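Counting starts at 1 for both ligands and their atoms, following the listed order. These numbers come from a predicted model, not from an experiment.
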Amino acid sequence: MRVTPSICTFCGVGCGIGLRVEEGWVIGVEPQPGHPVSQGQLCAKGWSSSFAVDPGNRLTTPLIKEHGRFRPASWDEALQRVADEFGAALQALGPQGVGVISCARATNEDNYAAQKFARAVLGTHNVDHCARICHSPSVAGLARTLGSGAMSNSIADIDLAEVILVIGADVTENHAMIGARMLRAQARGAKLIVVDPRKTRLARLADLHLQLRLGSNIALLNGLLQIILANGWENRAFLAARCEDIEPLRRHLAGVTVEQTSAQTGIAAADLERVAYLFSHAKTAFTAYGMGITQFQSGTNNVIAVSNLVLACGQIGRPGTGINPLRGQNNVQGACDMGCLPNVYPGYQAVSDPAVRAKFAAAWGRPQSDQSGLTSLGMTKAALAGELRALMIMGEEPVLTDPDQNHVASALAALDFLVVVELTLTETARMADVVLPAVAFSEKHGTFTNCERRVQRIRPAIAPPGTARGDWQILAELATRLGCRGLDWADAEAVFDEMAQLTPSFSAMTYAGLDLHQGLQWPCNAANPQGSPVLHVEAFPIGRARLLPVSQVEPDELPDAEYPFAFTTHRLHFHYGGGSMTRKSPLLERETPAALLFMHPEDGIALGLRDQQAVGVRSRRGYLETRVHLTDDVPRGTLAMPYHFREAPCNRLTNGAQDPVSKMPELKACAVAVVPLAVGVAPRAQAGAWQESAHASL
Ligand SMILES: Nc1nc2c(c(=O)[nH]1)N[C@H]1C(S)=C(S)[C@@H](COP(=O)(O)OP(=O)(O)OC[C@H]3O[C@@H](n4cnc5c(=O)[nH]c(N)nc54)[C@H](O)[C@@H]3O)O[C@H]1N2
Ligand SMILES: Nc1nc2c(c(=O)[nH]1)N[C@H]1C(S)=C(S)[C@@H](COP(=O)(O)OP(=O)(O)OC[C@H]3O[C@@H](n4cnc5c(=O)[nH]c(N)nc54)[C@H](O)[C@@H]3O)O[C@H]1N2
Ligand code: SF4
Ligand SMILES: [Mo]
């Protein structure tokens, strides 16, 4: 038996794993002893990664759809078909008529290649990925206030914090090894404060749980800050030395009272005052936040409100403090860093800057478009309008994970050509004209960047199943067929080296350095050759930080007579994303009953419902059936549902209303109605017409 060191393929914590291999099969997974992040531990998903990539669960050959049915095809035929279709779309509509959705689960090398393919081969900035519907408000909001949207501190800083403030993140479920670390810090004396409308496991264990009304984040954060300012608890020295003028913000908040905040958020005045006191008086306060802040039409302003609170108290720029957006996917930090966003090249170098475009045009030997690119949801809209004809989706499952499923599915159906590069035949892949089998993390070289900006290497433990190929190798083949040899790298290290050479924040990073230091945290350049565990120590990337006045914005859709419940969506510990990987594991499937609607017991009584009874749930956009679970985890009037289950896809219901700055859709709040189904009746698995025809074709 061999053990190949690697990094977990699921969440952004980036735990170190060992893939145990016997006779060419991954037979198990073990934690890496002494790993700087996971410290020799793993969560249930990490332990189960071998099922996710098992050859028996994988695509092994390219598929081409003909008369509604998939048939196996050779790589040569499938790649030529893709190249021809993209060529035709380019001819018909020009570079704005094609697009690429990249993959936050694939490597930095794959993502660097994806944006280079879009920009240098197709000539378009239409490239994006799931960060759009995840932490795009962090990237946009923190760019404005600090100049950098990544976690400012390291996971290990939790050990140094006197106060840990968690806002809208269910950390024990979704970043399990960070959650465990927070609980260990609390046991040693740190005060743990959780802000969440649900009683999460962490909220139940916290010293203080602020169970705010869904979507009242800015009211709460402004209210806390006003208590601090009114009492003179702000950090004046830090404000004077490191921030632009706070006076406009002070004036903006002057009229806010504790009573008002309490009424708007549903939180007792005494709790507000206690949290304001603890946070401002702590020597070190570590602030972490997640989707409960970002996934609103007010997402960017929510992030700015967090930033205002932290800056006013000077809780940033030192060990044990910081603004820490908990990036979700194993390599979503990396996919952003690599420039798989329409407005930036690798390292956040702005597309709008002619000097940056000239630099990449020279380096790649291809002209760079000055037309701005579309976001992922922008591409959905353009497809429906007939303005986008050919799309590549490299490892994403938008049919389950984007808001308003019926809208997404009709957009994909409206395309002339869709190619999906995937490990398995997902719901999205079923809609494709061509499906290309990709290799998984266990079969390739490359790097993942975890949420604390740590770039870590992965290595192949086994051979790919069938004829599956690496993502960047597939892109290189397509580029050649479209007349560009610029993606013909010798190996993954050569891709990384090209990226590092063009990206100032990575310029001193090499594979050898990553091996030596168990990963390196960017920026890693001449000024910081050993990487940067803490950002903003001396100055912010924009010099002085900005405190920007923001006001409460209610969710786009509030409950009314027809749709009386507030509806929010979240995650469960044992499942991941659209479930295409975790639902392959019998161990993980056993832990969680498929699809649940969480409802307060008193709401259940009012509707005459029993626990586990089947219900129909309807919003203005769609309908699904599932089982109800009665629990006081959720407050009265608010329902919650996880998004991992294709048979009860909660995104059938969600609202596509967007944050005007980041284009984040409001995945955390809409309004629904619930209809009880007869006792003893099972919920009908939901399949759209598009799915029925695609399933039938197999
Ligand atoms: N097991 C598992 N782990 C995962 C994932 C997975 O699918 N499964 N996905 C990964 C990814 S991509 C991501 S982005 C992360 C996400 O990790 P989290 O950010 O923890 O994600 P969620 O559970 O969607 O939402 C977090 C919390 O926001 C709360 N919330 C809802 N509305 C509000 C509000 O108005 N205010 C506040 N303060 N809170 C609110 C919800 O109740 C929920 O507890 O997890 C990663 N880890
Ligand atoms: N209602 C609701 N919807 C949500 C959210 C929510 O909280 N509520 N959260 C949103 C968030 S934060 C996110 S990040 C998105 C996630 O949305 P997605 O990224 O669409 O979700 P995943 O299920 O992680 O899909 C990733 C796919 O990549 C494939 N894959 C894995 N490794 C590789 C690889 O190396 N190469 C290739 N080509 N493919 C690979 C997997 O098989 C999987 O099908 O969902 C969003 N949707
Ligand atoms: S905490 Fe995240 S990275 Fe660590 S084992 Fe669990 S899923 Fe994998
Ligand atoms: Mo995410």
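Residue Lys45 has at least one heavy-atom neighbour below 4.0 Å for each of these atoms of ligand 3: 7 (S). Those atoms of ligand 2 with a heavy atom of Lys444 less than 4.0 angstrom away are 34 (C), 35 (O). In the vicinity of Cys134, heavy-atom distances shorter than 4.0 Å reach the ligand 2 atoms 12 (S), 14 (S). Remark: ligand 3 atoms within the under-4.0 Å shell around heavy atoms of Gly46 are 5 (S). Listed by number with element, the atoms of ligand 2 under 4.0 Å from a non-hydrogen atom of Ser580 are 41 (C), 42 (O), 43 (C), 44 (O). Using a 4.0 Å cut-off to heavy atoms of Thr569, the atoms of ligand 2 that qualify are 1 (N), 2 (C), 6 (C), 8 (N). Here is the list of ligand 3 atoms found below 4.0 Å of a heavy atom in Met177: 1 (S). With ligand atoms numbered from 1 in the order given, ligand 3 contributes 3 (S) to contacts under 4.0 Å with heavy atoms of Gly14. Using a 4.0 Å cut-off to heavy atoms of Val439, the atoms of ligand 2 that qualify are 35 (O). The distance from ligand 2 to the heavy atoms of Lys668 drops below 4.0 Å at these ligand atoms: 7 (O). Near Phe10, meaning under 4.0 Å from one of its heavy atoms, ligand 3 places the atoms 7 (S). Annotation for ligand 2: atoms under 4.0 Å from non-hydrogen atoms of Gly577 are 23 (O). Those atoms of ligand 2 with a heavy atom of Ala438 less than 4.0 angstrom away are 38 (N).
A salt bridge does not link Asp170 with Arg201: none of the charged nitrogens is closer than 4.0 Å to a carboxylate oxygen. Residues Lys45 and Glu173 are not paired through a salt bridge, judged by the lack of any N-O separation under 4.0 Å between the basic side chain and the carboxylate. Of the charged side-chain nitrogens involved, none lies within less than 4.0 Å of a carboxylate oxygen, so that Glu422 and Arg105 do not count as a salt-bridged pair. Looking at Asp159 and Arg181, a side-chain N of the basic residue comes within less than 4.0 Å of a carboxylate O on the acidic one, giving a salt bridge.
In terms of protein heavy-atom proximity, atom 3 (N) of ligand 2 is closest to Asn651 ND2, 3.1 Å. Closest to atom 2 (Fe) of ligand 3 among all protein heavy atoms lies Cys11 SG, 2.3 Å. The shortest contact between atom 23 (O) of ligand 2 and any protein heavy atom is with Gly578 N, 2.8 Å.
Using a 3.5 Å distance cut-off with no hydrogens or angles, the side chains of Gln333 and Asp337 do pair a donor with an acceptor.
Below 3.5 Å of separation, one finds no N or O of Thr424 facing any N or O of ligand 2. For the pair Ala106 and ligand 2, the shortest N or O to N or O distance does not fall below 3.5 Å. Inclusion of Ile133 in the set of residues having an N or O under 3.5 Å from an N or O of ligand 2 is not warranted. For ligand 2, one of its N or O atoms has an N or O atom of Asp471 under 3.5 Å away. When only interatomic distances are considered, the shortest N/O to N/O separation between Tyr576 and ligand 2 does not fall below 3.5 Å. Taking any N or O of Arg105, backbone or side chain, at least one lies under 3.5 Å from an N or O belonging to ligand 2. The shortest N or O to N or O distance between Asp402 and ligand 2 is not under 3.5 Å. Below 3.5 Å of separation, one finds no N or O of Asp110 facing any N or O of ligand 2.
Taking all heavy atoms of Gln405, His644, Glu422, Glu427 into account, the minimum distance to atom 44 (O) of ligand 2 is reached by Glu422. Residue Cys43 holds the heavy atom nearest to atom 5 (S) of ligand 3 of all those in Ser49, Cys43, Ser48. Considering each of Pro437, Cys103, Ala52, the one bringing a non-hydrogen atom nearest atom 40 (C) of ligand 2 is Cys103. Looking at Gly290, Gly579, Gly395, Ser136 and measuring to atom 26 (C) of ligand 2, the nearest heavy atom belongs to Gly395. Of the candidates Met291, Glu397, Arg571, Arg327, it is Arg571 that places a heavy atom closest to atom 9 (N) of ligand 2.
Phe441 does not count as a contact of ligand 2, since none of its heavy atoms falls under 4.0 Å from the ligand. For Met641, the closest heavy-atom approach to ligand 2 does not fall below 4.0 Å. Residue contact check for ligand 2: His570 places no non-hydrogen atom closer than 4.0 Å to it. Distances shorter than 4.0 angstrom do not occur between any heavy atom of Ser38 and any atom of ligand 3. In this structure, Cys650 has a heavy atom closer than 4.0 Å to ligand 2.
Remark: Leu425 CG to Phe70 CZ distance equals 5.5 Å, nearest 0.5 Å.
Backbone or side-chain N, O or S atoms of Cys8 reach atom 8 (Fe) of ligand 3 at under 2.8 Å. Residue Cys15 counts as close to atom 4 (Fe) of ligand 3, with an N, O or S atom under 2.8 Å. Atom 6 (Fe) of ligand 3 has no N, O or S atom of His175 under 2.8 Å away, backbone or side chain.
Using the six-membered ring where Trp is involved, Tyr576 and Phe10 have ring planes that are tilted, between 30° and 60° apart. Between His575 and His644, the ring planes lie tilted relative to each other; the angle falls in the 30° to 60° range.
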